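Here the structure is a predicted model, which means the values were calculated and not measured. In what follows, chains carry the letters A, B, and so on, assigned in the order in which the sequence lines appear, proteins first and then strands, with residues in each chain numbered from 1.
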There are 2 protein chains.
Amino acid sequence: MINQVMKNSVEEIVRTRRSANNFNSEVKISKKEIGEMFEIAKFAPSAYNLQHANYVVVDELELKLQVKEAAYRQHKVGTASAAILVLGDMEAYTDAERIYDGMYRLGMMDELQFRQTIDFIYAAYQNPEFCKEEAIRNASLSAMQFMLIAKSKGWDTCPMIGFDPQQLRTLLNIPDRYHIVMMMTIGKEKTNHPRPRGYRKPIGEFVHFGAFSS
Amino acid sequence: MINQVMKNSVEEIVRTRRSANNFNSEVKISKKEIGEMFEIAKFAPSAYNLQHANYVVVDELELKLQVKEAAYRQHKVGTASAAILVLGDMEAYTDAERIYDGMYRLGMMDELQFRQTIDFIYAAYQNPEFCKEEAIRNASLSAMQFMLIAKSKGWDTCPMIGFDPQQLRTLLNIPDRYHIVMMMTIGKEKTNHPRPRGYRKPIGEFVHFGAFSS
């Protein structure tokens with residue numbers, strides 16, 4: 001199937017992207033290259049365009065080894081070119097004025113529409129539980145987009161949740177308003193032999209038409 | 001910039017994908033085509049490969065109009081070719097044996113490794129709050145992958161959270177174990193004039209190198 005799919009197309013990237021277990025530790029990634037990937041990833045959708053996702057990129061060896069400690073010494077963190085923490089801003093709604101300011105100034109919304117939009121957003125985000133859910137949801141959308149972009153640029157990634165969030169929060173100076181949503185290791189995968197893909201459920205098991213059917 | 005980017009590449013799809021506000025209501029989408037997109041989307045990563053994401057596809061007009069009611073009568077739900085509910089399975093860990101059974105039977109893990117893996121997964125998912133977070137996180141990863149695949153096949157989408165979850169749960173017969181993570185409308189966008197893209201923060205505001213910096 002893959003051979004029929006256009007090289008570097010979304011389909012090919014999705015089909016060839018694998019969560020990497022081990023990386024070539026000699027490969028470095030430049031801040032410039034990481035920045036270029038985020039310049040594309042930033043177009044991910046987010047609720048009310050609040051852009052809840054934030055990232056902490058750990059590419060320096062010494063700090064990365066401390067991150068590895070907080071990730072229960074997982075080998076892939078040590079060998080990855082960088083460990084990237086994905087954060088979700090639980091107070092993203094407080095940026096609403098700034099985010100909609102441009103549209104207002106450009107006349108794309110009048111003052112009433114502007115004020116109504118801001119008020120609506122503030123009202124929606126008064127529930128702390130919802131704020132946390134939104135942080136996870138929107139940061140995850142952004143992270144998936146980043147991982148596909150990374151693959152299309154030749155980089156392997158692995159999304160991870162196996163770490164001590166409090167230890168990482170202290171180490172990387174992460175304010176309380178940011179929920180630590182996941183970690184992504186990035187680098188060039190080192191594989192000695194082809195790994196079979198993990199089992200995937202047939203779509204009949206997870207796609208329901210019309211209403212839920214079990 | 002877009003003109004320099006290869007057609008249908010991940011970068012081009014990410015750059016051209018926009019959350020649609022309005023759809024051409026005369027465009028139908030076939031179950032076959034939706035199924036083909038999920039055949040690709042199923043390769044999304046998930047924690048422990050538990051595949052938490054489930055989808056309910058509403059493509060029949062009458063039911064779609066009821067979904068529109070539950071979505072505060074948003075116009076785009078009525079005009080979309082389908083409304084797709086994204087669910088996260090809060091009890092996905094109970095599938096662990098079945099998911100790892102193949103690897104065990106193929107000798108890719110021995111009995112001890114198999115049992116340890118299953119026990120580890122069950123232990124990790126004993127916290128209901130974590131189960132919900134995992135449902136949101138992993139379903140969102142899957143949903144973003146689906147929306148990029150849809151765009152690459154010529155379909156526009158809009159992720160949405162503006163709906164009454166309880167009303168949708170009843171209408172679509174969704175069991176309690178599934179958290180309703182978001183809705184995605186899908187169709188062919190109908191635009192009378194080019195819409196400017198929403199403001200995006202410069203990457204210096206959401207990407208931090210080394211440690212968090214505000």
> Can you say whether A:Q145 sits under 4.5 Å from chain B via the side chain, the backbone, both, or neither, judging by heavy atoms?
Replying inline: both
> Do the non-hydrogen side-chain atoms of B:F209 and A:E60 ever get within less than 4.5 Å of each other?
Replying inline: no
> How far apart are the C-alpha atoms of B:M90 and B:D176, what are their side-chain angles, what is the distance that settles it, and do they pass the side chain to side chain contact (heavy atoms under 4.5 Å, CB included) test?
Replying inline: CA-CA 9 Å; B:M90 293 184 285; B:D176 287 341; over 6 Å; no
>> Can you tell me which portion of A:M37 sits under 4.5 Å from chain B's heavy atoms? Options are side chain, backbone, both or neither.
In response: neither
> Is it the side chain or the backbone of B:S9 that comes within 4.5 Å of chain A heavy atoms, both, or neither?
Replying inline: both
> Between B:E134, B:E133, B:R17, which shows the greatest number of heavy-atom pairs under 4.5 Å with chain A?
Replying inline: B:E133
>> Less than 4.5 Å to any heavy atom of chain A: does that hold for the side chain of B:K132, its backbone, both, or neither?
In response: side chain
> Passes side chain to side chain contact (heavy atoms under 4.5 Å, CB included), B:R200 versus A:F43? Steps please.
Replying inline: CA-CA 7 Å; B:R200 289 299 193 280; A:F43 293 113; 4.1 Å; yes
> Which answer fits A:I34, side chain, backbone, both or neither, if we ask what part of it has an atom under 4.5 Å from a heavy atom of chain B?
Replying inline: side chain
> Based on non-hydrogen pairs under 4.5 Å, which of A:D89, A:I13, A:I161, A:D59 is most in contact with chain B?
Replying inline: A:I161
> Taking side chain as C-beta onward, heavy atoms only, is A:S140 less than 4.5 Å from B:M144?
Replying inline: no
> Is any side-chain N of the basic residue among B:E36 and B:K31 closer than 4.0 Å to the acidic one's carboxylate O?
Replying inline: no
> Checking B:E39 against chain A: side chain, backbone, both or neither under 4.5 Å from a heavy atom?
Replying inline: both
>> For A:N138, which atoms come within 4.5 Å of any heavy atom of chain B: side chain, backbone, both, or neither?
In response: neither
> Are the charged groups of A:D156 and A:R18 less than 4.0 angstrom apart, N to O?
Replying inline: no
>> If I compare all heavy atoms of B:F212 with all of B:H208, which pair ends up nearest, and what's the gap?
In response: CE1-NE2, 3.4 Å
> If you count heavy-atom pairs under 4.5 Å with chain A, which of B:N173, B:V181, B:V56 comes out on top?
Replying inline: B:V56
> Which residues in residues 123-130 of chain B have a heavy atom less than 4.5 Å from any heavy atom of chain A?
Replying inline: B:E129, B:F130
> Under the side chain to side chain contact (heavy atoms under 4.5 Å, CB included) criterion, do B:K42 and A:V207 qualify, and how do the steps go?
Replying inline: CA-CA 10 Å; B:K42 74 179 181 188; A:V207 180; over 6 Å; no
>> Between A:P159 and A:M147, is there a side-chain heavy-atom distance shorter than 4.5 Å?
In response: yes
> Which of residues 61-70 of chain A have a heavy atom under 4.5 Å from any heavy atom of chain B?
Replying inline: A:L63
> Pick from B:K7, B:K151, B:R197, B:K153: which one has the most heavy-atom pairs with chain A under 4.5 Å?
Replying inline: B:R197
>> If we define contacts as heavy-atom pairs under 4.5 Å, which of A:V58, A:N8, A:L141 has the most with chain B?
In response: A:L141
> Hey, are the side chains of B:I84 and B:I186 touching, using non-hydrogen atoms and a 4.5 Å cut-off?
Replying inline: yes
>> Before you tell me yes or no, could you show the steps for A:Y55 and A:L85 under side chain to side chain contact (heavy atoms under 4.5 Å, CB included), namely the whole-Å CA-CA distance, both residues' side-chain angles and the distance that decides it to 0.1 Å?
In response: CA-CA 6 Å; A:Y55 294 90; A:L85 229 61; over 6 Å; no
>> Less than 4.5 Å to any heavy atom of chain A: does that hold for the side chain of B:A53, its backbone, both, or neither?
In response: backbone
>> If I measure from the heavy atoms of chain B, does A:L106 come under 4.5 Å with its side chain, its backbone, both, or neither?
In response: neither
> Looking only at heavy atoms, which two atoms of A:S81 and A:W155 are closest? And how far apart?
Replying inline: OG-CZ3, 3.8 Å
> Given the options B:S142, B:A82, B:P45, which has more heavy-atom pairs under 4.5 Å with chain A than any of the others?
Replying inline: B:P45
Return all side-chain donor-acceptor pairs below 3.5 angstrom for residues 162-169 of chain B, not counting sequence neighbours, or 'none' if the list is empty.
{"unit_1": "B:D164", "atom_1": "OD1", "unit_2": "B:Q166", "atom_2": "N", "d": "3.0"}
{"unit_1": "B:D164", "atom_1": "OD1", "unit_2": "B:Q167", "atom_2": "N", "d": "3.1"}
{"unit_1": "B:R169", "atom_1": "NH1", "unit_2": "B:I174", "atom_2": "O", "d": "3.3"}
{"unit_1": "B:R169", "atom_1": "NH1", "unit_2": "B:P175", "atom_2": "O", "d": "2.8"}
{"unit_1": "B:R169", "atom_1": "NH1", "unit_2": "B:Y178", "atom_2": "O", "d": "3.1"}
{"unit_1": "B:R169", "atom_1": "NH2", "unit_2": "B:Y178", "atom_2": "O", "d": "2.9"}

> Which answer fits A:M160, side chain, backbone, both or neither, if we ask what part of it has an atom under 4.5 Å from a heavy atom of chain B?
Replying inline: neither
> Is it the side chain or the backbone of B:I149 that comes within 4.5 Å of chain A heavy atoms, both, or neither?
Replying inline: both
> Are the side chains of A:F23 and A:K76 in touch, meaning some heavy atoms are under 4.5 Å apart?
Replying inline: yes
>> Looking at B:D95 and A:K201, is there a salt bridge between them, counting it only when a charged N and a carboxylate O are closer than 4.0 Å?
In response: yes
>> Between A:Q51 and A:S46, is there a side-chain heavy-atom distance shorter than 4.5 Å?
In response: yes
> Is there a side-chain contact between B:M108 and A:P196, using heavy atoms and a 4.5 Å cut-off?
Replying inline: yes
> So which part of A:S19 gets closer than 4.5 Å to some heavy atom of chain B, the side chain, the backbone, both or neither?
Replying inline: side chain
> Could B:R15 and B:E12 be called an ion pair, given the rule that one side-chain N must be under 4.0 Å from one carboxylate O?
Replying inline: no
>> Is B:L148 in contact with chain A via its backbone, its side chain, both, or neither, using a 4.5 Å heavy-atom distance?
In response: both
List, one per line, each side-chain donor-acceptor pair under 3.5 Å for residues 96-104 of chain B, sequence neighbours excluded.
{"unit_1": "B:E97", "atom_1": "OE1", "unit_2": "B:Y122", "atom_2": "OH", "d": "3.3"}
{"unit_1": "B:R98", "atom_1": "NH1", "unit_2": "A:E205", "atom_2": "OE1", "d": "3.2"}
{"unit_1": "B:R98", "atom_1": "NH1", "unit_2": "A:E205", "atom_2": "OE2", "d": "3.4"}
{"unit_1": "B:R98", "atom_1": "NH2", "unit_2": "A:E205", "atom_2": "OE1", "d": "2.8"}
{"unit_1": "B:Y100", "atom_1": "OH", "unit_2": "B:Y48", "atom_2": "O", "d": "2.7"}
{"unit_1": "B:D101", "atom_1": "OD1", "unit_2": "B:R105", "atom_2": "NE", "d": "3.2"}
{"unit_1": "B:D101", "atom_1": "OD2", "unit_2": "B:R105", "atom_2": "NE", "d": "2.5"}

